[in-house]
Amino acid sequence: MYNKVTLVGRISTDLELKQTQNGKSYCRFNLAVNRMNEGTDFIPVTLWGKSAESTVTYQKKGSLILIDGSINIGNYTDSNGNKRTSFEVIAQNVQFLGSKNSSANVETNNDEIDNSTSDEDVFSQFGEQVNIDDNFLEDDFLE
């Protein structure tokens with residue numbers, strides 16, 4: 001059995017770096033992802049360590065990113081005694097995506113930072129297609 005998810009979308013909430021009591025860095029945000037048919041899903045994502053630090057430093061609300069991770073499902077009881085289920089994506093890798101004209105992308109793998117990002121505002125290119133890899137995603141997946 002295998003729990004792996006890859007998502008491409010735009011950060012839809014403000015980013016804030018937080019620390020656990022043990023000093024481990026993390027950030028949580030929602031990723032706006034277009035559905036194949038229509039509509040948008042807002043997927044909760046958590047990043048840890050250097051991935052969280054570099055994402056908060058170099059990205060912002062509206063930035064286009066690709067994440068690889070796994071789905072984490074939790075159960076809890078709300079204040080009214082109802083059983084609830086929650087989910088989030090725990091990202092192991094994040095890649096910062098720019099417009100087609102951008103020459104610099106950054107990919108982080110937990111505790112490694114590979115490159116620096118472009119100062120270009122990728123949100124200003126909202127709606128433009130971004131070709132990640134012709135073998136990985138169809139051109140019309142990103143709208």
Please enumerate all residues that pass side-chain hydrogen bond (donor to acceptor under 3.5 Å, both in side chains) together with T13, with sequence neighbours excluded. none
NZ/K50 to OG1/T55 distance, rounded to the nearest 0.5 angstrom? 12.5 Å
Shortest non-hydrogen contact between I67 and V89, atoms and distance: CD1-CG1, 3.7 Å
Within one Ile-Leu-Val-Met-Phe-Trp-Tyr cluster: F87 and V45, side-chain cutoff 4.5 Å: yes
Can you find a pair of side-chain heavy atoms, one from F29 and one from S12, that are under 4.5 Å apart? no
Is it the case that the side chain of N22 and the backbone of K24 share a donor-acceptor pair, with hydrogens and angles ignored and the cut-off at 3.5 Å? no
Looking at OG1 of T46 and CG of N72, how far apart are the two atoms once the value is rounded to the nearest 0.5 Å? 8.0 Å
Find out whether Q92 and D68 are in side-chain contact, i.e. whether some heavy atom of one side chain is under 4.5 Å from a heavy atom of the other. no
Is any side-chain heavy atom of N75 closer than 4.5 Å to a side-chain heavy atom of K83? no
Taking the side chain as every heavy atom from C-beta outward, state whether T20 and W48 have any atom pair closer than 4.5 Å. yes
Smallest separation among heavy atoms of T85 and I73, with atom names: CG2-CG2, 3.5 Å
Can you tell me how far CZ of F96 sits from CG of L66, rounded to the nearest 0.5 angstrom? 11.5 Å
Please report the shortest heavy-atom distance between A32 and T40, naming the atom on each side. CB-CG2, 3.9 Å
Are more than 12 heavy atoms, taken from residues, nucleotides or ligands other than Q19, located less than 6.0 Å from that residue's CD atom? yes
Nearest 0.5 angstrom please: I11 CD1 to Q59 CD, how far? 5.5 Å
Does R84 reach the side chain of N82, with side-chain heavy atoms less than 4.5 Å apart? yes
Flag, side chain of N3 to backbone of I71, donor-acceptor distance under 3.5 Å: yes
Donor-acceptor contact below 3.5 Å, side chain S25 vs main chain A52: no
Please find the pair of heavy atoms, one from V5 and one from S70, that lie closest to each other, and give the distance. CG1-N, 4.1 Å
Are Y58 and S63 packed together at the side-chain level, in the sense that at least one heavy-atom pair is separated by less than 4.5 angstrom? no
Between atom CG of N93 and atom CG of L47, what is the distance when rounded to the nearest 0.5 Å? 10.0 Å
Joint cluster assignment, F42 & I65, ILVMFWY side-chain distance < 4.5 Å: no
